[in-house]
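Just so it is clear: chains get the letters A, B, ... in the order the sequence lines come, proteins before strands, and each one is counted from 1.
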Amino acid sequence: MIAIAAVAAVTIGAIGLGVYGVRFARTTSDLFVASRAVTPWFNAAAISGEYLSAASFLGIAGLEMKLGASALWLPIGFTAGYLALLLFVAAPLRRLGSYTIPDFAEARLGARRLRLLAAVLVLAIGGLYLVPQLKGAGLTLREVTGAPYWVGIAVVGLVVALNVALGGMRGITYVQAFQYWVKTFAIVLPACVLLIVLGGLPERAALFGRELPVAPQGGARIVLEQRTPVVFPRAATVRVDGVVVSAGPGARRTLPRGELVVAAGTTLPVGEGIRAQTGARWSRPVAPGGGTASPLFVYSLLIATFLGTMGLPHILARFYTSPDGTAARRTTVRVLGLLGLFYLFPVVYGLLGRVLVPALYVTGQTDSVVLALPEAAWPGLGGELLGALVAAGAVAAFMSTASGLLVSIAGTTSFDLWPGYGVGARLVRFRLAAVAGMAVPAGVALFARHVDISVLVGWAFALAASTFCPLLLLGIWWTRLTAAGAAAGMATGALTATAAIVTGLAGGNGGSALGEGPVDALLAQPAAVTVPLAFAAMFVVSRWTRPPRETDAAMLALHLPDGLGASAMR
Amino acid sequence: MSGSEEVGVDVALGFVLGVVVAVSVAAALRLALAPRRVLSPQGQAMQAAVHAATRTLPHLRRGLTAENAGRAVGTLRRLLSADAVALADRDTLLAMSGEGAEHHAGQPLSTLVAADHLARPDRVHVEPRLRCPDGRCTLRTAVVAPLVVGGDRIGSMVVGWSSERRLGLEDARVVGEAASLVSAQLELAVVEDQEERLARAELRALRAQISPHFVYNALAAIASHIHSDPDEARELLTEFAQFTRYAFRGERPYVTLADELGYVEKYLRLERARFGERLAVTLNVAPEVLPVVVPTLSLQPLVENAVRHGIEGRPEGGHVQILGRDLGGDVELRVTDDGAGISPEAARAALTGAGRGIGLSNVDGRLRSTFGDEYGLRIGGREGGGTAVTMTLPKFRAGVRAA
Amino acid sequence: MPRPLRPARDELAEATSHGVLYLRRLRRAQLSLSLLAVTAFGGLLGALPLALYLLPGLSRIDLLGVPLALWLVCVPLFPLFVGLAIAYERRAEALERAFRALVGPDDDAEP
């Protein structure tokens with residue numbers, strides 16, 4: 001009940017701030033203050049607020065619990081992406097004044113068709129990134145209200161789509177900055193309180209020792225909502241609704257629906273696609289052998305996130321609010337600080353979750369560990385209040401990212417892909433595109449229930465890193481880039497990355513239960529191969545083709561320090 | 001043996017690791033400690049010398065007088081690394097710096113150089129053996145170059161050295177170039193005089209952009225404060241000066257909305273001095289909209305219109321609202337008043353420039369020519385219900401940047 | 001008739017070949033600064049997985065009950081990012097100030 005109230009409060013607060021946030025009446029004496037652009041700190045909070053998605057809030061801890069410490073490279077990559085943005089993109093792009101990649105492509109290379117290609121990729125990346133947000137919504141609302149998975153997707157999808165379509169963009173900077181602090185508060189406070197209540201990390205053996213996940217003291221009672229295929233890593237005897245199931249080590253069984261009861265200290269069966277790991281193995285960030293801890297996968301993931309952040313459509317759009325290139329740079333530095341603060345904490349949930357809510361290993365729903373943990377760790381009102389807080393944070397996470405993505409998707413659709421004339425007509429198209437742009441990912445999210453949130457996000461990053469990253473880096477820093485080269489590079493990156501992901505999917509792994517070989521690692525996270533390929537294609541084709549005649553004006557707009565116009569303009 | 005191979009791989013990787021860490025630590029230290037320069041040190045020194053020259057030489061734009069020449073000779077001497085530099089008009093050494101300056105400055109030019117070398121405007125004269133009547137004078141060699149304005153030789157530049165060095169071609173050329181630099185400044189004195197006259201004409205043309213109505217009212221309001229509240233009057237006068245400076249900067253075609261709002265604010269302060277509490281203004285602009293690039297003085301005429309039609313002639317006063325909305329890829333700015341309103345015919349007339357409305361047609365035209373016909377102004381509202389003027393423009397257009 | 005030289009910032013604003021020369025120098029300086037920062041950062045970040053891979057013993061050393069390897073992944077990189085970012089930001093802004101002083105008239109140069 002408290003949780004429902006908290007979720008509702010965040011939702012209404014965000015919508016209200018969006019609609020009324022800019023309606024503060026200002027008298028003339030305040031005009032000057034009001035016409036100042038937002039400060040770098042404020043804008044940095046807004047950017048961080050839009051960026052910290054369901055993947056950050058729920059996904060990292062979930063993946064950490066499932067796969068182990070190798071998931072902890074994700075927050076590092078998510079943050080490092082802003083360093084790449086800072087070093088190569090933020091200031092020049094802001095000086096140019098463009099705030100979408102299609103705009104950049106056209107302004108820099110003067111090719112209308114390239115703009116179309118970029119617009120299509122914006123939709124692909126935005127859509128791919130939207131799916132896990134909706135998945136997070138489904139999970140959260142089910143955890144909080146007990147409603148079926150699809151209800152959360154439908155409700156949140158509808159709220160976000162309507163809010164965007166009906167002018168929720170007003171004052172979005174205020175909303176996103178507010179959401180950053182909601183999320184940070186919601187992840188930091190419960191983590192600290194739980195560590196204090198529990199007196200530190202419990203059960204060293206389970207976390208870092210030789211133990212596999214076992215049922216906690218007092219045994220585990222787990223409700224299986226459907227027939228669940230499981231693997232017993234050790235010999236064990238469990239009961240489902242009183243029916244005894246015995247299994248030897250390594251045995252596969254399909255448990256019927258009902259309440260699974262496991263005695264305290266018994267090694268738990270694990271759901272499909274999950275590998276039971278000893279604490280020692282689980283807690284290693286990098287380890288020999290295959291899987292997500294293999295160095296190849298780790299490096300590929302770091303490349304994808306380091307280079308992919310700059311290609312996320314909703315992030316670049318936020319930089320428009322900075323008044324100039326210097327402010328954009330300062331904003332990015334602050335974003336790094338704010339993200340670093342947030343990302344110190346998800347790891348705590350994964351660690352505690354392994355010991356305190358191991359039931360999630362059976363059902364496979366490790367993505368909900370952040371939501372389930374407070375009440376499991378601290379039964380009673382305290383846990384319930386903390387649970388409400390993390391639920392509110394989760395709502396803030398997928399609401400803010402989803403609205404940002406939807407604004408980009410609808411904007412790109414109404415500007416680039418759906419031709420028509422006139423500002424009024426474009427607004428109508430924007431609204432229709434917002435609704436349609438939400439409907440498609442929502443449909444996909446219904447089927448993507450068993451793919452981890454962070455895995456889906458990893459793909460979006462891989463696609464962005466293989467297409468927009470070379471376009472931005474070479475476009476900003478290399479005068480010889482041509483439209484043909486840019487198109488070839490983006491097409492190469494998009495096709496190879498998509499092919500790898502689809503092949504990996506067809507191979508049956510949801511991206512998490514990896515095969516042992518290096519090929520499996522690269523199919524699951526292809527950036528280490530596809531990004532160099534895209535760069536190479538862009539470079540070679542640009543060398544072959546004649547560079548555009550007029551690059552000087554665009555280069556000037558990108559690199560001339562702020563405040564240096566012609567002296568006649570002073 | 002595979003075991004030893006693995007050890008070998010690990011050793012190799014360990015080596016790579018060591019190198020990578022060493023390189024990155026070195027790079028981090030360099031990033032934190034080493035200063036970044038745009039120019040090399042030599043380039044920097046040279047640039048500093050030239051820069052000093054460009055700072056002092058413009059004094060000559062006020063004409064070739066002893067005072068202006070005195071400010072330039074020292075810089076010239078350092079620039080040329082000579083022992084002495086003097087500037088002269090047709091017959092007198094106006095100023096000198098370096099060796100022998102104390103006894104040559106103010107003397108006739110002929111004390112240094114024979115007059116027959118000074119007639120031709122296009123000749124540099126090289127004097128390998130100077131003979132100064134003053135025995136203590138250490139200057140031995142000199143190059144004399146003409147200062148030419150409009151084809152006439154109006155003076156000379158004399159560069160001297162005290163050693164018995166042989167003057168090379170380089171010396172002659174460098175002095176010649178320096179003299180033409182000085183000539184250019186003197187030429188500018190003439191040009192600037194013409195430009196000033198031109199600027200006055202331009203100003204007259206630009207004044208048309210600001211309504212005389214407003215200028216008159218603003219000055220009247222300031223005048224009314226002079227006795228009652230001199231501080232306020234002084235502040236208003238400053239605002240007025242800043243506002244007009246902005247308005248007259250015709251060569252700055254685009255500004256950010258944030259800048260334009262800053263000037264709207266100055267404008268409104270002046271109007272408030274007149275209307276006091278009768279003028280209520282609400283500003284409601286989303287921060288995402290502030291960086292949008294607008295034509296200079298495009299929002300201010302809208303606000304001025306709203307003040308004129310919404311407040312003037314209404315003793316009870318009125319309310320002007322300025323709204324800025326983000327429409328995705330476009331931006332909508334709207335200025336409303338609650339005055340008498342406007343009929344559709346009058347609205348059309350205002351946009352074609354035929355009817356009332358200060359400069360609305362001008363703003364509309366500038367928006368359309370910059371951003372295309374789908375953007376521009378719309379005027380709405382009924383008789384008795386107030387007027388709303390709406391401006392739409394794109395968030396980004398390649399090539400349109402705020403100066 | 002000798003013509004005065006135009007200020008470099010005018011050359012820049014109109015993208016003449018002279019202005020482009022200035023701009024190329026600035027772009028190269030900025031790029032080399034960015035590459036320096038990315039070397040520092042990429043090297044340190046890139047070394048960590050390799051170090052953890054080669055030195056499994058880091059997982060057996062405990063600090064406050066948590067393996068050192070886990071600490072290394074979870075905490076120190078974030079302040080490192082911020083530190084590098086601040087160092088880069090200061091250098092980049094100094095570079096732009098130097099450039100402004102180089103091309104602009106005095107009244108625009110910041111102290």
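- Contact between C:L36 and B:A27 at its shortest, heavy atoms only, is O-CB, 3.7 Å.
- Chosen from B:V16, B:L13, B:V21, the residue pairing most often with chain C at heavy-atom distances under 4.5 Å is B:L13.
- If you tally non-hydrogen atom pairs under 4.5 Å between each of C:A40, C:G42, C:A51 and chain B, the highest count goes to C:A40.
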